[in-house]
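Reminder, nothing fancy here: chain letters follow the sequence lines and each chain counts from 1.
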2 protein chains.
Amino acid sequence: MPRQARNPNAARAAPAKPRAAGARAEILEAAARMMRDRGYSEMSLRDLAAQVGMKAGSLYYHFASKEELAVEVMRLGVETVSDAVSEALDAAADRPARERLETALRVHLHTLLSASEFSSAHIRCYPFVPETVRGRLVAVRRDYDRLWTGVIRDMLGEDAAAEDVRYLRLALIGAMNGALEWYSPGRDDPEAFLRALMRLLPPGKG
Amino acid sequence: MPRQARNPNAARAAPAKPRAAGARAEILEAAARMMRDRGYSEMSLRDLAAQVGMKAGSLYYHFASKEELAVEVMRLGVETVSDAVSEALDAAADRPARERLETALRVHLHTLLSASEFSSAHIRCYPFVPETVRGRLVAVRRDYDRLWTGVIRDMLGEDAAAEDVRYLRLALIGAMNGALEWYSPGRDDPEAFLRALMRLLPPGKG
DNA sequence: CATTCAACCTAACGTTCGTTAGAAAATCCG
DNA sequence: CGGATTTTCTAACGAACGTTAGGTTGAATG
């Protein structure tokens with residue numbers, strides 16, 4: 001069997017590490033899909049290497065260890081959804097708080113269900129990944145949480161109890177992330193789920 | 001090193017399988033804790049056996065395989081929370097629908113967070129357990145879903161769209177199960193989380 | 001006391017895993 | 001083209017895994 005074709009349209013402007021970036025990105029993508037579908041410890045480096053046309057040992061030219069690879073995948077997952085939500089919130093900066101929250105929910109859900117296998121891999125694998133991996137993700141995760149705390153506090157009003165803001169955030173994020181376990185592209189409509197979710201929320205103060 | 005002491009106060013009334021039931025229950029409990037804390041594939045049968053004072057091979061006297069053991073643990077998990085919620089709903093059969101839903105939420109949450117390591121193991125491990133294991137749990141899981149569908153339909157009214165009932169159920173269950181990932185016994189108060197959740201729900205029709 | 005049988009142990013089998021060292025191939029540069 | 005550098009492969013290491021076959025123990029039974 002011949003080797004798998006390399007992705008021909010990759011960034012060529014990097015003089016420092018010329019060609020490794022393409023293979024590295026390809027490995028990360030395959031790893032994200034595998035982590036999302038099978039889980040972290042069920043992802044074999046031999047299988048992963050085969051999916052990108054390599055042998056297991058060759059992965060170690062691009063990553064120091066399996067844990068390092070997982071950290072990179074999951075960090076990309078948080079940053080992807082965080083950037084998407086942040087950008088959408090900036091674009092809706094002058095809208096009412098309730099509408100901004102709906103936007104955040106929509107972007108978060110769409111990123112998890114359709115846009116980014118990194119984000120879904122992060123959500124599904126985080127609970128059972130080695131603690132050394134989780135430890136290196138607390139910072140990005142905290143930043144993302146702060147994003148939500150802001151939107152929700154805006155909607156509940158400045159005098160809302162911190163406990164209420166926190167529990168509403170956890171309830172909403174939990175409801176969204178849970179969709180990863182039941183969502184079926186043919187059967188389900190994310191927009192309908194979002195409407196059902198929005199119907200629960202109070203009118204808002206902004 | 002001497003063997004670990006057996007649990008002396010176990011049911012003695014079973015003449016068919018005299019003494020294996022005690023050890024079997026002990027194995028199931030330790031397995032549930034291990035699955036909840038580390039995950040299915042991170043649960044080593046050697047470690048599990050050591051926790052109940054056995055060697056790995058001895059487990060095969062009580063269970064045919066690791067998958068069979070996991071099925072038993074998770075099935076107990078569904079049945080535990082299902083029985084608890086069902087019983088609570090029966091006891092509140094004459095209460096308004098919204099109050100009955102609150103009761104169901106409270107019992108479900110308490111079972112996951114405090115009462116049953118089988119239930120929490122089921123929720124945390126189900127996504128990444130082998131498909132042969134998941135297949136043997138669909139029946140009990142469907143029964144439990146029907147319980148929730150009933151309560152939520154009662155609250156939304158008989159003419160509520162099935163899609164709305166379904167998505168509200170999935171949102172609520174997702175929010176509750178997500179608590180397994182953030183709940184910290186000292187920091188968090190399940191009742192406060194429940195109040196924040198109930199504040200979202202409509203007044204109800206019953 | 002002899003026998004039976006439940007319950008556990010010992011010891012290993014074959015497989016797969018993450019990881020590594022060094023050789024080989026591919027690519028780039030002058 | 002030739003040498004240097006980047007990238008991949010080969011081959012193996014040691015460890016851990018689920019599982020199994022057959023032996024050992026101790027208590028109950030007739």
Quick one: [X] [atom1] to [N] [atom2], roughly how many Å, whole number?
X     : N      : atom1 : atom2 : result
B:E68 : D:dG18 : CD    : P     : 15 Å
A:K66 : C:dT20 : NZ    : C1'   : 17 Å
A:L59 : C:dA21 : CG    : P     : 16 Å
A:Y60 : C:dC17 : OH    : P     : 12 Å
A:Q51 : D:dT8  : CD    : P     : 16 Å
A:M54 : D:dT7  : CE    : C1'   : 8 Å
B:E42 : D:dC17 : CD    : C1'   : 13 Å
A:K55 : C:dA23 : NZ    : P     : 19 Å

Closest-nucleotide ordering on DNA chain D, the 5'-leading residue of A:S58 and A:R46:
A:S58
Which comes earlier along DNA chain C counting from the 5' end, the contact point of A:S44 or that of A:A64, where each point is its nearest nucleotide?
A:S44
Between C:dA7 and B:Y61, is there an OP1 or OP2 to side-chain N/O distance shorter than 4.0 Å?
yes
Tell me whether the side-chain N/O atoms of A:H62 come closer than 4.0 Å to OP1 or OP2 in D:dT6.
no
B:T111-B:S119 side chain donor-acceptor pair, cut-off 3.5 Å:
no
Do NZ/NE/NH1/NH2 and the carboxylate oxygens of B:R142 and B:D145 come within less than 4.0 Å?
no
Would you call A:E99 and A:R106 a salt bridge, using N to O less than 4.0 angstrom?
no
Parallel, tilted or perpendicular, judged at 30° and 60°: which one describes the rings of B:W182 and A:Y167?
tilted
